[in-house]
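Atoms within a ligand are numbered from 1 in the order they appear, just like the ligands themselves. It should be emphasised that the depicted structure is a prediction, and the values quoted were computed from it without experimental measurement. Atoms considered below: every heavy atom in the structure, side chains included; atoms not considered: hydrogens, waters and symmetry mates.
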Amino acid sequence: MEAPPRPELFDFHGVPMTKFFTDNWENVKTFKAKPDDIVIATYPKSGTTWVCYLLDRLFFGKTKPEIETSLPLYMRVPFLELCIPGYPKGKDLADQLTITPRLIKTHLPVQLVPETFWENNCKTVYVARNPKDVAVSFFHFSRMNSIHPSPGDWDGFLQRFMEGKLTYGAWHQHVVGWWEKKQTYPNLHYIFYEDLTENVGREIDKLCTFLGLSVSAEEKESIMTAVQFENMRDNKLTNFTNAPLMNLKVSPFMRKGKVGDWRNHFTASQSERCDEHYKQLIRSPGLRFRTEVI
Ligand code: PPS
């Protein structure tokens with residue numbers, strides 16, 4: 001199918017959005033969650049796919065191997081608000097899931113998440129990543145994925161990122177909004193991309209505690225191997241091969257998978273400006289971002 005023209009951003013309840021994430025809003029807003037649904041929430045390009053696959057393997061790696069070998073991850077873990085003409089809507093895919101628990105992905109800022117998830121006290125995993133690597137990853141993603149406005153050049157893109165003028169709005173409002181939610185909603189597990197990079201085994205243990213799962217040493221080892229960047233990159237079911245509207249020749253979805261790739265894009269002055277900007281904006285006690293992992 002031919003790619004639709006690049007969308008315009010518009011103000012959607014105070015957040016810049018495009019029609020591909022809002023056209024099905026009435027149905028998204030009234031989505032019926034089940035108490036055992038698990039939400040995976042992120043600002044774009046923060047490690048969503050990594051954690052979706054990790055949870056998919058934790059829950060279904062053993063019991064549903066046939067799903068593992070046939071359906072791409074983006075069908076197994078529907079993207080709730082996604083609505084692209086000619087393709088199944090995320091909300092419908094979620095409704096059609098017959099597995100338990102249903103794993104549901106969203107990039108919505110916390111204030112736009114359908115109430116039904118909170119009413120059902122659904123377990124939620126939020127993944128956050130440092131803003132410099134998010135900006136770089138989002139830039140390349142916007143080059144290859146026509147459901148986002150064109151990125152233009154890097155300097156202008158970074159400026160708009162810092163001003164919160166990209167789809168899903170300001171990164172700092174997203175990560176802070178979800179961090180604050182965690183203070184009052186115990187069923188929220190907040191994790192960092194950088195921590196996953198540093199020690200995925202430790203993060204799996206924490207996820208298992210949060211989700212009430214236990215895995216054998218052997219299962220854990222096999223999950224750790226499956227979710228390694230190179231293995232997800234080479235796996236047709238996780239690397240977005242044949243995903244709608246992505247041109248993987250322009251930039252692969254599984255691009256670098258590193259902490260610190262921002263160094264290959266930022267000038268010294270962009271880096272300084274960005275550090276200063278977020279130092280002013282990220283002031284919540286306990287919320288810290290690492291731009292490198294030593
Ligand atoms: S999306 O489109 O918003 O859902 O993208 P998202 O999955 O959140 O983020 C994509 C970035 O995550 C990297 N990625 C990984 N890094 C390390 N290990 C694993 N297994 C992994 N899987 C995905 C992916 O490469 C994107 O980051 P960049 O920096 O662009 O490489």
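Protein heavy atom nearest atom 19 (C) of ligand 1, with residue, atom name and distance: Trp50 CD2, 3.4 Å. Scanning the protein heavy atoms around atom 7 (O) of ligand 1, the nearest turns out to be Thr49 OG1, 2.5 Å.
Compare Pro44, Ser137, Ser251 by their heavy atoms: the one nearest to atom 26 (C) of ligand 1 is in Ser137. Nearest to atom 2 (O) of ligand 1 by heavy-atom distance, out of Lys45, Lys105, Lys258, Arg255, is Lys45.
Asp234 places no side-chain N or O within 3.5 Å of a backbone atom of Asn231 that could act as its donor or acceptor partner. Judged by distance alone, the side chain of Asn187 and the main-chain N or O of Asn121 form a donor-acceptor pair under 3.5 Å.
Here Asp95 pairs with Lys91 in a salt bridge; the nearest charged N to carboxylate O distance falls below 4.0 Å. A salt bridge links Glu292 with Arg263: the distance from a Lys NZ or Arg NE/NH1/NH2 to an Asp or Glu carboxylate oxygen falls below 4.0 Å. Using a cut-off of 4.0 Å between Lys/Arg side-chain N and Asp/Glu carboxylate O, Asp11 and Lys165 are scored as not salt-bridged. Classification of Glu163 and Arg160 as a salt-bridged pair fails, no side-chain N sitting under 4.0 Å from a carboxylate O.
Of the candidates Trp179, Trp171, Trp262, Phe289 forms a ring pair (Phe, Tyr, Trp, His ring centres under 6.0 Å) with just one, namely Trp171.
At least one heavy atom of Phe253 lies less than 4.0 angstrom from ligand 1. Contact between Val227 and ligand 1 is present, with at least one heavy atom of the residue lying under 4.0 Å from the ligand. Under the 4.0 angstrom criterion for non-hydrogen atoms, His107 is in contact with ligand 1. Contact between Met232 and ligand 1 is present, with at least one heavy atom of the residue lying under 4.0 Å from the ligand.
The contact set between ligand 1 and Tyr193, taken as ligand atoms under 4.0 Å from a residue heavy atom, comprises 12 (O), 13 (C), 15 (C), 16 (N), 17 (C). Near Lys256, meaning under 4.0 Å from one of its heavy atoms, ligand 1 places the atoms 31 (O). Close contacts of ligand 1 with Met254, meaning ligand atoms under 4.0 Å from a residue heavy atom, involve 22 (N), 23 (C), 25 (O). Residue Thr48 has at least one heavy-atom neighbour below 4.0 Å for each of these atoms of ligand 1: 1 (S), 3 (O), 4 (O), 6 (P), 7 (O), 8 (O).
Here Arg129 has side-chain heavy atoms under 4.0 Å from ligand 1, and that is the only part of it that gets that close.
Lys89 forms no cation-pi arrangement with Phe20, by the criterion of a distance under 6.0 Å to the ring centre and an angle within 45° of the ring axis.
With no hydrogens or angles considered, a side-chain donor-acceptor pair links Gln270 and Asp155 at under 3.5 Å.
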